[in-house]
Protein chains: 2
Amino acid sequence: MSQPTVSRALRDDPKVSEATKQRVRDAAAALGYSPSAIGRALSVGRSTRVGLVVTDLDNQFYAHVIAPLHHELERLGHELVLITESSDSGPVAEHVVAHGLCGVVLATTTVDSILPARLRDRGVPFVYFNRTAPSVPADSVTVDPEQGVRELLADVIGRGHRRIGAVFGPRNTSTGEQREQVVRAVLDENGIGLAHRDVLHGPFDFRTGHDGMRTLLDRDDPPTLVLCGNDVVALGALNAAKEIGVDVPGDVSIAGFDDLPTSGWALVRLSTVAYDLAEMSREAARLLVGRVGNPGAEPVHAVYPTRYVARDTVGAPRS
Amino acid sequence: MSQPTVSRALRDDPKVSEATKQRVRDAAAALGYSPSAIGRALSVGRSTRVGLVVTDLDNQFYAHVIAPLHHELERLGHELVLITESSDSGPVAEHVVAHGLCGVVLATTTVDSILPARLRDRGVPFVYFNRTAPSVPADSVTVDPEQGVRELLADVIGRGHRRIGAVFGPRNTSTGEQREQVVRAVLDENGIGLAHRDVLHGPFDFRTGHDGMRTLLDRDDPPTLVLCGNDVVALGALNAAKEIGVDVPGDVSIAGFDDLPTSGWALVRLSTVAYDLAEMSREAARLLVGRVGNPGAEPVHAVYPTRYVARDTVGAPRS
DNA sequence: CTGAAAGCGCTTACAG
DNA sequence: CTGAAAGCGCTTACAG
């Protein structure tokens with residue numbers, strides 16, 4: 001039995017007879033043999049490993065993308081390797097090709113990142129996840145904030161809030177920018193403006209929300225409601241309010257974006273904009289694996305709808 | 001310039017002259033060339049990829065081990081790939097060798113798992129993380145619950161609790177067993193027993209704590225304090241109490257184990273047993289990488305101390 | 001349907 | 001200090 005035959009049999013190549021396939025499989029099982037993925041990778045010129053590029057692995061948000069992403073990749077016969085992007089991002093592209101990853105999902109790309117261009121130049125397939133860098137076209141899976149934000153703001157405005165503050169995400173991310181734009185547009189339609197001093201920006205993390213909330217609440221005349229760039233930020237804001245004894249939503253209302261599991265906790269009950277993050281993660285896996293098999297095709301853009309989930313952190317403003 | 005010379009130069013082999021090293025490095029930089037890790041892996045017979053084996057990637061606990069583990073592995077020139085262990089665990093060992101991982105950290109091993117034996121038989125280095133399966137010796141990094149539990153129970157008993165309930169972790173994990181034993185031993189020293197009906201068991205997840213708390217609280221005469229197997233369980237318990245309007249610690253006290261960042265939130269303020277989880281994760285990385293380089297050495301067991309962090313979920317029992 | 005040959009990109013003795 | 005040869009475990013034409 002030659003090596004190529006074994007190889008073909010184990011890959012279920014139709015050119016091998018059923019009889020020998022069976023023999024090979026039996027022998028493999030008996031010997032506990034399974035083909036070396038690395039031998040295969042070297043031979044084929046590409047592995048089945050995909051990288052997830054993030055900046056802060058610590059962030060609760062990513063736990064909720066890693067789990068479904070990993071699961072779907074596994075289903076598709078791929079492995080997940082974690083990559084963190086340092087400020088520079090030069091090394092990342094090289095790292096990816098040096099380690100022979102077959103593709104990567106970009107989950108924390110900034111608008112001005114050079115990583116997408118680097119990957120494109122090196123011919124590494126990738127998909128934008130939750131963010132986009134318009135300069136380099138590629139598959140993407142993102143969220144359309146409009147519907148959810150409209151519903152949220154309808155609730156907010158309906159309850160009488162007029163003095164609205166915000167702790168948005170970073171300015172150099174498509175996600176942060178887009179959410180802010182939609183909020184501004186919808187408020188504008190309702191004749192409500194955001195005072196410059198009531199609008200803060202920062203990374204999508206706990207501290208941003210926490211410190212931002214303190215800043216806003218330290219004022220003599222704080223906003224009656226604070227819109228947060230995402231749930232992790234909102235969680236920071238909520239905790240900051242609690243720390244200084246400010247009642248939510250009695251004294252101030254807070255809203256988030258993402259609807260993480262934590263936001264639904266009885267202890268939290270965050271009013272937020274929801275979408276199907278797990279499904280998005282799976283779609284990213286599918287898109288990427290599809291792309292690897294078909295590099296020439298037009299980029300596809302999967303966009304997920306949002307809806308508002310009213311819980312207990314948005315109430316009427318204190319009159 | 002021959003291939004071996006380039007190879008040696010890039011690895012900083014002392015047998016290559018500084019002059020050629022420099023030339024090679026310059027050329028590599030100019031060409032954007034970096035050596036293929038997969039070529040190297042095939043040649044050397046081992047990669048620099050280590051696997052983290054867990055059951056539920058969703059669990060908040062693992063987010064806090066993945067981040068430092070990844071970081072330390074990166075520092076040591078290794079990659080992190082995620083592996084989930086299905087019930088069976090047969091495929092895992094094969095997967096690991098098929099994909100040429102140089103080692104794995106086992107973070108959810110049960111006492112009766114066959115995975116350690118499988119890995120040992122196939123010569124794959126591994127380290128037990130936070131759990132241990134005594135049948136197969138290997139490096140381990142674990143926690144010694146005793147000090148923390150003593151401090152916790154001193155507080156609990158000092159406040160007057162006598163009717164104590166518990167939602168411990170799974171019986172088939174060393175971690176769950178050990179914590180339960182220490183609790184029982186210390187209570188015993190104080191002449192306090194755990195009523196059989198007040199002791200529940202289950203996986204270390206939110207639902208276990210949540211449902212366990214409901215069960216305990218549904219009774220006519222519930223315990224005045226509930227000890228939880230870990231923080232995620234305690235978080236479930238805390239939320240269950242909140243859901244049914246039971247005040248913590250007014251009506252019932254709750255304690256955890258792990259001191260996750262969430263437990264310190266103003267919204268949570270969980271009294272819990274703390275230890276250095278991030279450092280443990282880094283140590284696991286170091287141990288494993290060290291083991292790969294020196295398979296013959298005696299197993300080393302890193303044990304981390306615990307201490308009690310009193311916050312707001314343990315109070316006096318209602319009299 | 002099966003096998004011999006060549007090659008994927010490295011590294012490791014072995015010469016020189 | 002440098003290079004030619006062989007091999008790591010696969011796959012892919014190419015014959016038969």
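Only this structure's heavy atoms are used, side chains among them; waters, hydrogens and symmetry mates stay out. Below, chain A is the first sequence line, B the second, and so on; all start at residue 1.
- With sequence neighbours excluded, no residue forms a salt bridge (charged side-chain N to carboxylate O under 4.0 Å, His left out) with B/Asp26.
- A donor-acceptor pair under 3.5 Å links the side-chain atoms of B/Thr108 to the main chain of B/Thr55, judged by distance alone.
- Using a cut-off of 4.0 Å between Lys/Arg side-chain N and Asp/Glu carboxylate O, A/Glu94 and A/Arg118 are scored as not salt-bridged.
- Base-pair partner of D/dA13: not found among the strands shown (Watson-Crick or G-U wobble, both distances under 3.5 Å).
- For the pair B/Arg40 CZ and C/dG9 P, the interatomic distance rounds to 17 Å; values are reported in whole Å.
- Looking at heavy-atom distances under 4.0 Å, A/Pro4 makes contact with a base.
- Put simply, CD1 on B/Ile38 is 13 Å from C1' on C/dG7, counting in whole angstrom units.
- Where B/Thr5 and B/Gly39 each meet DNA chain D at their nearest nucleotide, the meeting point lying more 5' is that of B/Thr5.
- Taking atom CG on B/Leu42 and atom P on C/dG9, their separation rounds to 12 Å, with Å as the unit.
- There is no side-chain donor-acceptor pair under 3.5 Å between A/Asp56 and A/Tyr62.
- For C/dG9, the OP1/OP2 oxygens have no side-chain nitrogen or oxygen of B/Ser43 closer than 4.0 Å.
- Here D/dG3 is the nucleotide among D/dG9, C/dA4, D/dG3 with the atom lying nearest to any side-chain atom of B/Arg8.
- Under the 4.0 Å criterion applied to side-chain N and carboxylate O atoms, A/Glu18 and A/Arg25 are assigned as salt-bridge partners.
- Between the P atom of C/dG9 and the CD atom of B/Gln3 lies a distance of 9 Å, rounded to the nearest Å.
- For the residue pair A/Ser113 and A/Thr110, no side-chain donor N or O sits within less than 3.5 Å of a side-chain acceptor on the partner.
- A heavy atom lying under 4.0 Å from DNA chain D marks the following residues of residues 9-24 of chain B, by number: B/Pro14, B/Lys15, B/Val16, B/Ser17, B/Thr20.
- In this structure, B/Ser2 reaches the D/dG3 phosphate: one of its side-chain N or O atoms is under 4.0 Å from OP1 or OP2.
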